[in-house]
Number of protein chains: 4
Amino acid sequence: MWFRVDPRSPTPVYRQVVEGVKEAVAKGVLASGERMPSVRELAARMTLNHNTVARAYQELVREGVIEVVQGRGAFVSPRPPPLDRERRVAALLAALRPVVREARYLEMEDEEVVDLVRRALADWRQGRGGEGA
Amino acid sequence: MWFRVDPRSPTPVYRQVVEGVKEAVAKGVLASGERMPSVRELAARMTLNHNTVARAYQELVREGVIEVVQGRGAFVSPRPPPLDRERRVAALLAALRPVVREARYLEMEDEEVVDLVRRALADWRQGRGGEGA
Amino acid sequence: MWFRVDPRSPTPVYRQVVEGVKEAVAKGVLASGERMPSVRELAARMTLNHNTVARAYQELVREGVIEVVQGRGAFVSPRPPPLDRERRVAALLAALRPVVREARYLEMEDEEVVDLVRRALADWRQGRGGEGA
Amino acid sequence: MWFRVDPRSPTPVYRQVVEGVKEAVAKGVLASGERMPSVRELAARMTLNHNTVARAYQELVREGVIEVVQGRGAFVSPRPPPLDRERRVAALLAALRPVVREARYLEMEDEEVVDLVRRALADWRQGRGGEGA
DNA sequence: GTGGTCTAGACCACC
DNA sequence: GTGGTCTAGACCACC
């Protein structure tokens, strides 16, 4: 599969599936319009409960990552339209809050934080951004 | 109080208290060595149960943010020693992963992400980093 | 159960549960990977509150003794990796301090102390290491 | 003073005083029959509450480490008679239990544990066994 | 069914 | 007065 799931992680399994799929899309492993495996197929392949995978798919639909066509299966969505994107950028900004808070607690300089971000971006590119939640 | 708590948030209330206190320390609202309100007083002021606050204090002790003196109360710690800091920087890097993942999913350029981070850092400085958990 | 708990002991009950479980693992009563009784089941069997047992389990997770799998229960961990072990040896050394102090107060010779330790190790092997906290 | 006390330690202050005095006796800093400072004097010198020191003295009497002579003050006891000693050796053996338990959990060999004990004994002799509880 | 969290209220050791 | 622990009972997310 394009990602792994750790049942011992504190992040719910269904959430890990959601993130795993998004990551696969981000990395181009799953292309726009590509057909997703069925809920039961993915569940079988990853030895997960199909209810768990179903819930993940629901969430992915809600987040606009995939689309379900009646009786024909699920497909990777085209990239979200600009408006939606704005909302996501806002979400990203919100996601940065705990990071900034911790950085401030550690009395890090702005540039130190920025350097760390660049490093995180580079890590990802080198494929080292592979697992975990 | 220096922070708010949302009982309907998925993050547990005691965790929100932990983050709230760390944020207060980061912002200088709580100074090194300053006396914390007693567990019961904070609980009363925030209309939480004393057990919930006690758990938060224990977590804060474990994270080195506060220190408890026998029957006298809790006090804000002096800043964590540099060694401890290293471990925290690593934690910060880990905290950046989901952010990077989302950014990649949004097909943002590195510099776009960096700009967003700079904005988040600036927002904080302007005191707009005030609420949420 | 594989251990007993003394509600009047100065060591908190939840701590006694932690030690009891570690002892069971050390003795092989609980094998690596084995499923732990559920929090509520153990609580019922020991006539403790489920909260107390839950706290013990959380502590055991933190110490790497058990692992919790989402909605399926807790399991005994594989043995801690060597690195972690180093830290534990240090802890063991620290735990020896009060023993040494008492021995010195009793004016015991080094070899007397060592003999006592050998005896304690043997006692354990003979299963006489069974009770107390 | 012959020892220090850490108010932030989880071990009660009065207990630290007890251990501190025993350690001083063990090290010969306080000799048999020597006069102890009065409760209030020791409290003043260590900036502790006199109630705390009083409690420690009570405990020291109970353990046979010091003796109080009506109106004349407290004195370091002569070393405990052999019978008493036996009881203490038993106590020492009991104190070894948690150490043995942890060692067993770590799957340490007997000789490894013995070596660690020798090291702890040597550490003490080199005066490195000075503080902490 | 499984663990995790929270309130409510009591009790305890320590200072 | 201060933090720590425990029982009782309710509720929740996850699988």
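Just so it is clear, the model here is predicted, and its values are computed rather than measured.
Of all nucleotides present, only E:dG4 satisfies the Watson-Crick or G-U wobble test against F:dC11, with each distance under 3.5 Å.
Proximity of B:S38 to the phosphate of F:dG1: no side-chain N or O atom is located under 4.0 Å from OP1 or OP2. At the phosphate of F:dG1, neither OP1 nor OP2 sits under 4.0 Å from any side-chain N or O atom of B:R72. For the OP1/OP2 pair of F:dC14 and a distance below 4.0 Å, the side-chain nitrogens and oxygens of A:R55 include at least one atom meeting the criterion. A sub-4.0 Å separation between OP1 or OP2 of F:dT5 and a side-chain N or O of B:Q58 is present. For F:dC14, the OP1/OP2 oxygens have no side-chain nitrogen or oxygen of A:T52 closer than 4.0 Å. The side chain of A:Y14 contributes an N or O atom lying less than 4.0 Å from OP1 or OP2 of F:dC14.
In terms of polar N and O atoms assigned as donor or acceptor, the side chain of C:R40 never comes within less than 3.5 Å of the base of E:dG1 in a complementary pairing. A donor and an acceptor atom never sit less than 3.5 Å apart when one is taken from the side chain of C:N51 and the other from the base of E:dG3. Under 3.5 Å, the side chain of B:H50 and the base of E:dG9 form at least one donor-acceptor pair of N or O atoms.
Comparing C:Y57 and D:P12 along DNA chain E, the residue whose closest nucleotide (by nearest heavy atom) sits nearer the 5' end is C:Y57. If A:V13 and B:V61 are placed on DNA chain F by their nearest nucleotide, the residue sitting closer to the 5' end is B:V61. Residue whose closest nucleotide on DNA chain E sits further toward the 5' end, between C:R35 and D:N49: C:R35.
Between B:E59 atom CD and E:dT5 atom P there is a gap of 10 Å when expressed in whole angstrom units. Residue B:E41 contributes atom CD, which lies 9 Å from atom P of F:dG3 at whole-angstrom precision. Atom CD of A:Q16 and atom P of F:dC14 are 12 Å apart (whole Å).
Within a 6.0 Å radius of CZ in B:R85, other residues, nucleotides and ligands contribute more than 12 heavy atoms. Counting non-hydrogen atoms of other residues, nucleotides and ligands closer than 6.0 Å to CZ of A:R45 gives a total above 12. Environment of CZ in C:R72: sparse, with no more than 12 heavy atoms of neighbouring residues, nucleotides or ligands closer than 6.0 Å.
Between D:V17 and D:F3, the closest side-chain pair of non-hydrogen atoms falls below 4.5 Å.
Closest to the side chain of B:Q70, out of E:dG3, F:dT5, E:dC14, is E:dC14.
Using a 4.0 Å heavy-atom cutoff across all strands shown, C:L48 reaches sugar-phosphate atoms only and no base atom.
Here the straight-line distance linking atom CG of D:L106 with atom NZ of C:K22 works out to 7.5 Å at 0.5 Å rounding.
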